[in-house]
Structures are given as C-alpha cells and as structure tokens.
Engineer: 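This structure is in structure tokens; I'll ask about it shortly.
Heavy atoms only: backbone and side chains are in, while hydrogens, waters and symmetry mates are out. Residues: numbered from 1 along the sequence shown. Just follow the structure's listing: the first ligand is 1, and inside any ligand the first atom is 1.
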Amino acid sequence: MTEIIDRADVALILADPRFLVPEADAAAPTPFERFRADVSRFSNGAVHDARRRRLESMLAGIELAALARTAASLTRTALEAEPAPSVATVARHVPVTALGMQLGFRQAESLPPLAAEIADAYSSGRVTDAAAADTATMRLLDSAPGTDAPDDALLVQLLVQAYAATGALVERAMQRLAASGPLPPATHDLLTATLRDDSPVPMTRRVAPDHSAGASGPDVQQGALLVLRLDGPDRDATDDRPPRTLAFGAGHRGCPAPHHALAIAVAIVEELRRAEARAGIHRTNEETIDVDAR
Ligand code: HEM
C-alpha cells in the first residue's frame, strides 16, 4: 500500500481515469457483499458510468429546498426530545432520514441505525459482524421504493454514502464554531472552511495502472493499491492561494451530491446554532434571576 499525501498529487490521480477503484467481488454470495458489488462506488468502466448516470438522475429528482426543509424540521424535532440527543447523533441520523423521506423509502426514521451498521464495512470492505451487516443490508433494501433490484441497491447506496460523511461535516463544523471566538462565521463559510481544512472523508483508494508514471503525476508502482489522502498538505498553497478542497473527491468519480450534502448540512447547523442561541439566552435569564434573588 502506498499513501499519496500531497493534494496536488491526489488531484492528478483523481482526474486520471486510468486509476481504478478496488472492485467489490461480483460473485459474492452474501447480501452485504452483493450490495457492495451492485453499487457504483466499487465498480469501474462502463458499469460504473451506467450506475453513476442512474444515481445522478435519482439525485436530480430531489428538490434541494424540500430536502433542506425536511432536514431542518427533523433537527428541530430531535432537539425537542428529553434528554436532547448529542450533536453526533443528530448529525448522523437527520441526513439519512431526510434523504430516505425524499427518495420515497418506507419507515425512513428506522434507516439511520441500519446505515450505521454497514457504513464502516461499506467503505473498507472489512466486515466485523457479517450476520448483522447482512440483516441491515436486507432491511435497507426492503425499505427502498424502487421497482427493480438494481435501483434499490443504488438508492440504498445514497443513504450509506450520506451517513458518515455528512455527519462528520456537521460535527466538525460545530466543533470549529465552538472554537471560533467572538465573531462566529456564517454557516456557509463555516462549512466551506471545514470541508477545506478538516475533510469529513479523510481518504479514498485507487489502484495504479500498468503504466502510471505520467509526466506530471506522482511516480507509483504498477498495480499498487494507493491510499489517497483528501486532507493532506497542498504544495501549491500560498498565502494568497488556500489549499485545494478535495473533500468531495474530483473527476468522474467525485461525489455526485455536494449540493445535497450542503443543503442538509446547512439546515442542520442552522438549527443547532438557533438551539444553542436559545439555550444561551435561557442560561442568561437564569443567571439574571439568580443575581436578582440574592
Ligand atoms: C459532506 C458530505 C459528503 C462528502 C464529504 C462526500 C464525499 C465523497 C467523496 C470523497 C466521494 C468520492 C470517493 C472516491 O473518489 O473514491 C464520494 C462519492 C460518492 N458520494 Fe459523497 N460525500 C458526501 C455526501 C454525500 C451525500 C449526501 C450523498 C447522497 C445523497 C453522496 C453520494 C455519493 C455517491 C453515490 C458517491 C459515489 C460516486 C461514484 O461512484 O461515482 N455523498 N463522496
């Protein structure tokens, strides 16, 4: 395994279609392994292109404003619960539920724990509890609204892809906000800075082609498994030029849903900020009452 750290090198590799993704096993017998083999993320060539086009048309069917309203409303409802859930829980549950609702899944509220069950193994291919992963996969596929199996797998892929990445973006943005001092940034700027400086998806993988030593790209061994850091340094950055943002990947395999991710994240962060501001006012009132009572 070779790790490529500099964003300038990573950007060149992501833009080069000769670098393929490690493929899932198309002959795999278990539901979870089959699901990995049926999505776009772990396929190459014409199969990837066709699945990607289908995903793009599914995503185009979602109205961003409606997605944002759903995410905001789910966040408000979650924050009314006693005891209030953690930011991490809200950040991971709301994106999957909101997308599930917009995509027509049945019982969308039940989907986040199922996505959580397979999210790690989905990206790494390493399953720790195969039976639990299979059960979660089957339940996700059963809840999908598609009329055919290929569409169901792609719809479930959207939920699983959204789960950890959007959750991490919201969580890291809230941490950044807490550390931001007396002049907190606007939510959109906060999220843009988080994506640039603290990539929610820290790395992805590619396999080097047979003749990969290009004129401008890094020199890597033929057939090597490459880990591409999306959060490394950028040798082209200067005082006037910030590092490239690679959080959504790049090229023909880059995230097809950055606008969806941002619509959801803005909605959640705004609601969390409002709730914090209300709690702050509440605390201030209590302190005032305390002072008056003395
Ligand atoms: C902040 C949130 C998100 C981040 C940082 C993120 C990041 C990424 C990255 C880096 C990749 C490319 C991986 C690679 O090149 O190997 C990717 C792919 C993908 N993402 Fe996202 N993503 C986010 C949210 C979402 C959401 C909300 C959805 C669905 C609505 C989604 C759907 C996908 C899909 C389907 C792919 C695979 C594309 C393909 O196979 O061509 N992502 N994402």
Side-chain angles (χ1 to χ4, degrees), residues 4 7 10-11 13-17 19-24 35-62 64 67-68 70-71 91-92 94-103 105 111-112 115 119 122-125 153-173 190-192 194-207 225-231 244-269:
I4 309 291
R7 292 188 202 192
V10 172
I13 292 176
L14 290 174
D16 186 339
F19 289 80
L20 303 180
V21 294
E23 288 194 7
F35 164 64
R36 277 185 98 245
D38 285 344
V39 299
S40 69
R41 179 77 187 272
F42 311 105
S43 59
N44 287 298
V47 173
H48 168 261
D49 295 346
R51 290 175 182 171
R52 168 110 191 175
R53 276 196 299 279
R54 191 72 196 112
L55 284 168
E56 283 169 354
S57 103
M58 289 168 174
L59 287 165
I62 299 177
L64 290 180
L67 180 63
T70 307
R92 278 167 180 71
V94 169
V96 171
T97 310
L99 279 166
M101 286 173 161
Q102 292 296 315
L103 290 166
F105 276 77
L111 302 172
Y122 171 82
S123 22
S124 68
L154 295 176
L155 287 161
V156 171
Q157 178 187 5
L158 291 175
L159 303 186
V160 180
Q161 294 271 163
Y163 174 77
T166 320
L169 172 60
V170 169
E171 214 180 340
R172 290 168 190 204
L190 175 70
L191 291 168
T192 305
T194 308
L195 287 163
R196 185 192 61 222
D197 299 338
D198 197 7
S199 180
V201 176
M203 57 97 166
T204 188
R205 296 183 182 83
R206 291 291 186 272
V207 179
L225 176 62
L226 308 178
V227 168
L228 311 180
R229 301 294 318 183
L230 303 176
D231 59 357
R244 298 167 171 79
T245 296
L246 291 179
F248 288 114
H252 73 300
R253 307 194 69 105
C255 183
H259 300 299
H260 299 76
L262 275 171
I264 297 170
V266 167
I268 300 175
V269 170

Engineer: Does ligand 1 have any atom that is closer than 4.0 Å to a heavy atom of H48?
Structural biologist: yes

Engineer: Got the closest protein heavy atom to atom 5 (C) of ligand 1, with its distance?
Structural biologist: A247 O, 3.4 Å

Engineer: For A173 and L191, which heavy atoms make the closest approach, and how far apart are they?
Structural biologist: CB-CD2, 3.7 Å

Engineer: Considering R41, R172, R52, which one's heavy-atom position lies nearest to atom 38 (C) of ligand 1?
Structural biologist: R52

Engineer: Would you mind writing out the side-chain donor-acceptor pairs for residues 244-252 within the sub-3.5 Å range, not counting sequence neighbours?
Structural biologist:
{"residue": "R244", "atom": "NH1", "partner": "D234", "partner atom": "OD1", "Å": "2.7"}
{"residue": "R244", "atom": "NH1", "partner": "D234", "partner atom": "OD2", "Å": "2.9"}
{"residue": "R244", "atom": "NH1", "partner": "D236", "partner atom": "OD2", "Å": "3.2"}
{"residue": "R244", "atom": "NH2", "partner": "D236", "partner atom": "OD2", "Å": "2.8"}

Engineer: At less than 4.0 angstrom from any non-hydrogen atom of L59, what atoms of ligand 1 do you find?
Structural biologist: 30 (C)

Engineer: How close do F42 and Y122 get, counting heavy atoms only, and between which atoms?
Structural biologist: CZ-O, 2.9 Å

Engineer: Heavy-atom contact check, 4.0 Å cutoff: does R206 meet ligand 1?
Structural biologist: yes

Engineer: Would you say ligand 1 has an N or O under 3.5 Å from any N or O of Q157?
Structural biologist: no

Engineer: List ligand 1 atoms under 4.0 Å from L99, heavy atoms only on the residue side.
Structural biologist: 30 (C)

Engineer: Where is the nearest protein heavy atom to atom 16 (O) of ligand 1: which residue, which atom, and how far?
Structural biologist: T204 OG1, 2.5 Å

Engineer: Residues in side chain to side chain donor-acceptor pair (under 3.5 Å) with T194, at least two apart?
Structural biologist: none

Engineer: Could you tell me the residue and atom name of the protein heavy atom closest to atom 40 (O) of ligand 1, and the distance to it rounded to 0.1 Å?
Structural biologist: S40 OG, 2.6 Å

Engineer: For atom 12 (C) of ligand 1, what is the closest protein heavy atom, and at what distance to 0.1 Å?
Structural biologist: R253 O, 3.5 Å

Engineer: Identify, for atom 1 (C) of ligand 1, the protein heavy atom at the shortest distance, and state residue, atom and that distance.
Structural biologist: L169 CD2, 3.5 Å

Engineer: Identify the two heavy atoms, one from P256 and one from E56, that lie closest to each other, and give their separation to 0.1 Å.
Structural biologist: CB-CG, 4.4 Å

Engineer: With the side chain counted from C-beta on, respond yes when F105 and L99 share a heavy-atom pair under 4.5 Å apart, and no when they do not.
Structural biologist: no

Engineer: Is the closest side-chain heavy-atom distance between M58 and Q157 below 4.5 Å?
Structural biologist: no

Engineer: Does any N or O of ligand 1 fall below 3.5 Å from an N or O anywhere on H260, backbone included?
Structural biologist: no

Engineer: Quick one: side chain to side chain donor-acceptor pair (under 3.5 Å) partners of R53, sequence neighbours excluded?
Structural biologist: none

Engineer: Going by heavy atoms, is V39 under 4.0 Å from ligand 1?
Structural biologist: no

Engineer: Going by heavy atoms, is L230 under 4.0 Å from ligand 1?
Structural biologist: yes

Engineer: Give a yes/no verdict on whether any heavy atom in L55 is under 4.0 Å from an atom of ligand 1.
Structural biologist: yes

Engineer: R172 side chain to S199 main-chain N or O, any donor-acceptor pair under 3.5 Å?
Structural biologist: yes

Engineer: Which pair of heavy atoms, one from R41 and one from V21, lies closest together, and at what distance?
Structural biologist: O-CG2, 3.5 Å

Engineer: So do the side chains of V170 and V94 get within less than 4.5 Å of each other, counting heavy atoms only?
Structural biologist: no

Engineer: Do I4 and M203 have side-chain heavy atoms sitting under 4.5 Å apart?
Structural biologist: no

Engineer: Within a strict 4.5 Å, meaning less than it, do heavy atoms of the V160 and V39 side chains meet?
Structural biologist: no

Engineer: Restricting to under 2.8 Å, identify the protein N, O or S atoms around atom 21 (Fe) of ligand 1 as residue plus atom.
Structural biologist: C255 SG

